[in-house]
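Heads up, the thing below is written out as structure tokens.
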Amino acid sequence: MTDTQGVLRGWTAGRRGSLSRLRFTSLRLRLVVVFGLVALTAAVSASGIAYWLNREAVLTRAQDAVLRDFQQEMQNRAGALPVHPSQDELQHAAGQMAGSSQRFSVLLVAQDPSGDTVYGNSGGINGFALDDVPGSLRAAVNKRQKVTGSNESPYHLYWQRVDNHGTPYLVAGTRLIGGGPTGYMAKSLEPEAKDLNSLAWSLGIATGLALIGSALLAQAAATTVLKPVHRLGVAARRLGEGRLDTRLRVSGTDELADLSRTFNNAAEALEKRVAEMAARDDASRRFVADMSHELRTPLTAITAVTEVLEEELDADAGSIDPMIEPAVRLVVSETRRLNDLVENLMEVTRFDAGTARLVLDDVDITDQITACIDARAWLDAVELDAERGTHARLDPRRLDVILANLIGNALKHGGSPVRVSVRMDGEEDSDLVIAVRDHGPGIPEDVLPHVFDRFYKASASRPRSEGSGLGLSIALENAHIHGGEITAANSPDGGAVFTLRLPRDASRLTEENDEGTKNDEAGNSGKEGS
């Protein structure tokens, strides 16, 4: 059950982080950005096309009207002039041409009767001059074209758009066929440019509004999409907290509904699987507990008999047949080993059931370690580095179990001398640290992660050994119930080092455990009452 909850918590933590990133950054941002880019692209494209089409239509319409009027004025006004007009005649004709409905500036160029070039414009001395006409346009106007079947006139009307100090102009020119003045026209396109600028501003505002609307639409779409995702995240967290009956409400037939159905199916399968595992775990725990209790009664009798046999062996060497003496000693040692195994199994059962409790007392750590070593006749093989007067409030029986397992394991697998050192650590010396170091070959790197596993054997070729494979596991559980920890490592100078870290005062843990037990009892009473 513990492993399953750990897997669930890990999976839920991963889902929680993923859903959080999905909800607050990735999916919402992507939807808004995509909608915005699509809207911006569509709006800019539509605005650009609309602006270009309107620009061409406005300019073409204005240009055609001006050119048509100018050509008509050239035929009517300039055509009525003599072949070699005077400057006054040119000036008068230019003024009349400029008074047309299109209101453009006119420049007429001709030769007077004496052969001199004369000019007439509609704006006086500072009016439209020949220098204002682009050279390429003048060259095209004065160039005589070859008359062919497809080209009936030697001269044509040419026009060009120019920019004069930021103001757009339409400049055109033509030459009368059969002789006469050459006329040039300049028409300001500033009104049309203002209209086009107003159109551009309108299209820009429309693009901005479209972009804002797309962002709002993306936000609404993201909210619609993320609501089921958020519900899925909440359900996943509830599932990871152990509420395996969590289900999602399914509505619709889209992909998110399929995702909800998949989650419900997975949650249902997980609930069944966990229930089966819990049932098997409870059955296994009950079997171990029942078996341990059932073994204790016959084992007590066997132990009593073996103790009598052991006393007979030690008291009188000749009282037992030498042929069966090895068998008797084997029975004595194996009975003792079986008794230790049963006690360890019962201890493990208490930890698994959560019934293990601390019985605290003020302990002199140095005296406690000395008593543990002396009781097991290890004084000659263990070196103690501890100052007397170091006190802690712990469970002395469980501390003895921890020390016996750590020191015994060091003597068995590492070899003497085993050194036990004690020091205080943490703020205001709040932690007790006991290090047990041997002088053996150390622990292989592939074994280090498993030294505290139950029934773990470092050598697969020796599945049967003097130990049960539970000692270090029980030591670790006893450390955990104190709120402490045990770590295993290899010393740089050789040998293995097991470090026990316990709080100097475990009273707080017992208070929390008692309070938790009361709450559980109150909760159970409430359930029974309802």
* To do: Look at D431 together with R504 and state whether they make a salt bridge at an N to O cut-off of under 4.0 Å.
  => no
* Asked: Would you say the side-chain atoms of H156 and Q145 include a donor-acceptor pair closer than 3.5 Å?
  -> no
* **Residue pair R501 / T487, side-chain heavy-atom distance below 4.5 Å** => no
* Structure fact -> Y184 and N142 have their tightest heavy-atom pair at OH-ND2, 3.8 Å
* To do: Quick one: do R247 and E271 satisfy salt bridge (charged side-chain N to carboxylate O under 4.0 Å, His left out)? Show the steps, please.
  => CA-CA 11 Å; R247 299 294 184 272; E271 184 179 17; 2.7 Å; yes
* **Residues D453, L472; criterion side-chain contact (heavy atoms from CB on, under 4.5 Å); working and verdict** => CA-CA 8 Å; D453 294 349; L472 290 178; over 6 Å; no
* Asked: What pair of heavy atoms forms the shortest contact from V109 to Y119, and how long is it?
  -> CG2-CD2, 3.6 Å
* Asked: F498 pairs by side chain to side chain contact (heavy atoms under 4.5 Å, CB included) with which of I434, N405, I443?
  -> I443
* Apply side-chain contact (heavy atoms from CB on, under 4.5 Å) to R249 and list each qualifying residue two or more places apart in sequence or on a separate chain. => S251
* To do: Please round to the nearest 0.5 Å and tell me the distance separating atom NE2 of H92 and atom CG of L81.
  => 9.0 Å
* Asked: Hey, what do you get for CE (M74) to CG (L67), rounding to the nearest 0.5 Å?
  -> 12.5 Å
* Asked: With a 4.5 Å limit on heavy-atom distance, are the side chains of L239 and L270 in contact?
  -> yes
* To do: Please lay out, stage by stage, how V497 and T499 fare under the test side-chain contact (heavy atoms from CB on, under 4.5 Å).
  => CA-CA 6 Å; V497 180; T499 304; 3.8 Å; yes
* **Contacts of type side-chain contact (heavy atoms from CB on, under 4.5 Å), residue N76, not counting sequence neighbours** => Q72
* Sidechain N-carboxylate O distance under 4.0 Å for K187, E192 -> no
* Asked: Can you check whether L432 reaches V422 side chain to side chain, under 4.5 Å on heavy atoms?
  -> yes
* Asked: Are the side chains of L399 and V401 in touch, meaning some heavy atoms are under 4.5 Å apart?
  -> no
* Asked: Salt bridge or not for D425 and R423, using N-O below 4.0 Å?
  -> yes
* To do: Under the side-chain contact (heavy atoms from CB on, under 4.5 Å) rule, what do L108 and M97 come out as? Steps first, then yes or no, please.
  => CA-CA 10 Å; L108 296 178; M97 292 173 64; 4.1 Å; yes
* Quick one: pull up CG in N478 and CG in L358 and give me the separation to the nearest 0.5 Å. => 8.5 Å
* Over all heavy atoms of both residues, which pair between S105 and F128 is shortest? Give the atoms and the distance, please. => CB-CB, 3.9 Å
* Asked: Short question: side chain of T246, backbone of R243 - any donor-acceptor pair under 3.5 Å?
  -> yes
* Can you see which heavy atom on L502 is nearest to which on G484, and at what distance? => CD2-CA, 4.0 Å
* Asked: Quick one: does N54's side chain have a donor or acceptor within less than 3.5 Å of a partner on A50's backbone?
  -> yes
* To do: Only counting residues at least two apart or in another chain, list the ones meeting salt bridge (Lys or Arg N to Asp or Glu O under 4.0 Å) with R138.
  => none
* Structure fact -> Taken in chain and number order and not counting sequence neighbours, the residues that satisfy salt bridge (Lys or Arg N to Asp or Glu O under 4.0 Å) with R161 are none
* Which distance, rounded to the nearest 0.5 Å, do you find between the OH of Y169 and the CD of E190? -> 7.5 Å
* State, to 0.1 Å, how close A479 and I402 come at their nearest heavy-atom pair, and which atoms those are. => N-CD1, 3.8 Å
* To the nearest 0.5 Å, what is the distance between CG (L196) and CH2 (W201)? -> 15.0 Å
* Under 4.5 Å between any side-chain heavy atoms of L500 and V436, yes or no? -> no
* Asked: Charged N to carboxylate O below 4.0 Å: is that the case for K272 and E268?
  -> yes
* To do: Report yes or no: does Q91 contribute a side-chain atom to a donor-acceptor pair with the main-chain N or O of S122 at less than 3.5 Å?
  => no
* If we only count heavy atoms from C-beta on, is the L176 to T182 side-chain gap below 4.5 Å? -> no
* Interatomic spacing from CG in L448 to CG in N490 - rounded to 0.5 Å -> 5.0 Å
* **Pairing residues for D395 by the salt bridge (Lys or Arg N to Asp or Glu O under 4.0 Å) criterion, not counting sequence neighbours** => R398
* **Any residue meeting side-chain contact (heavy atoms from CB on, under 4.5 Å) with P134, in chain and number order, not counting sequence neighbours** => S136, L137, Q160, V162, V171
* Atom of F70, atom of T174 and distance for their closest heavy-atom approach -> CE2-CG2, 3.9 Å
